[in-house]
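Residue numbers begin at 1 in each chain, while the letters A, B, ... track the order of the sequences.
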Amino acid sequence: MARRARPATNPDSFSRIWSVVARIPRGKVATYGQVARMAGLGRGARTAGWALHALPDGLRIDGRAVPWHRVINASGRISPRGGDGEGPAETRQRLRLRREGIRVTGKGQIDLHRYAWSGECALSARRQGRSSAR
DNA sequence: CGTATGACGAGCC
DNA sequence: AGGCTCGCCATAC
C-alpha cells in the first residue's frame, strides 16, 4: 500500500506515552500531566490524552495490554470525552478502576492521595536524593 | 506554513 | 467551591 508519506499517527511520541501508561501498576492511577512528563513531553498533558485517544485497540507493550483506564486528570476525575453526554468510555473506565479496587465516587471522584502512582519517585526511589520535594 | 482541535493543567474570578 | 480563560505540546488539515 502506498506507504503513507507520513504516518497517520506518530508512534514516536505516542508510543512513549503508551509505554509509560503500560508501567502503571494495577490499583494505581496517574494523571495525564504526570504521564506526559514521564514520557519526556514536559507539559504535554493534552498530548497524553491525545495519545490515549489514538491508542490502538488491543495494543500490547511488553506482552501486556495498555491500562489506559488508569490515567485520569489532575482533578482526580475521569476526563469527559467531550461528547454531549457521558459515553461508554467513561463508564467503562470507571468500572475497570473499581474492578481494580479503586474507589470511585458517584461523581467520578478518585482519591489521588491514596491511589496516585508514584512512578516518578520509583524511577529513582532507591535513594531519596531530594530532601524536600518541593 | 498557519490555523484549529483535543481523554489537560494551573491560575483567576 | 465551582466555573471560566489562557497557556502548552503534538497532530490534522
Selected nucleotide, minimal atom distance to A:Arg46 side chain, candidates C:dC9, C:dA10, B:dG9: C:dC9
Pair A:Gln109-A:Arg103, side chain to side chain donor-acceptor pair (under 3.5 Å): steps then yes or no: CA-CA 8 Å; A:Gln109 187 68 46; A:Arg103 196 155 89 79; over 6 Å; no
Nucleotide B:dA10, atom P - distance to CZ of A:Arg37 in whole Å: 10 Å
Nucleotide nearest A:Thr47 when distance is taken to its side chain, options C:dC9, B:dG9, B:dA7: C:dC9
Whole angstrom value for the distance that separates P of B:dC8 from NE2 of A:His53: 11 Å
Separation of B:dG9 P from A:Tyr32 OH (nearest whole Å): 8 Å
Sub-4.5 Å side-chain heavy-atom contact between A:Glu100 and A:Tyr115: no
Side-chain H-bond candidate by donor/acceptor type, A:Arg98 with A:Gln93, under 3.5 Å: no
Which nucleotide in B:dG9, B:dA7, B:dT5 has an atom nearest any side-chain atom of A:Trp50: B:dT5
Spacing of A:Leu55 atom CG relative to B:dG6 atom P, expressed in whole Å: 18 Å
Protein-nucleotide distance (A:Asp12, atom CG; C:dC9, atom C1'), rounded to Å: 14 Å
A:Gln109 CD - C:dG2 C1' separation (whole Å): 13 Å
A:Trp18 vs A:Ile61 side-chain heavy atoms within contact, under 4.5 Å: yes
Shortest side-chain distance from A:Ser13, nucleotide among B:dA7, C:dT11, B:dG9: C:dT11
N/O (side chain, A:Ser79) to phosphate O (OP1/OP2, B:dC8) under 4.0 Å: yes
Rounded distance (Å) that lies between atom P of B:dA7 and atom CZ of A:Phe14: 11 Å
Sugar-phosphate only, base, or nothing, as touched by A:Thr31 at under 4.0 Å among non-hydrogen atoms: sugar-phosphate
Length of the line joining A:Arg16:CZ and C:dC9:P, which is rounded to integer Å: 15 Å
Side-chain touch A:Val71/A:Thr31, heavy atoms, less than 4.5 angstrom: no
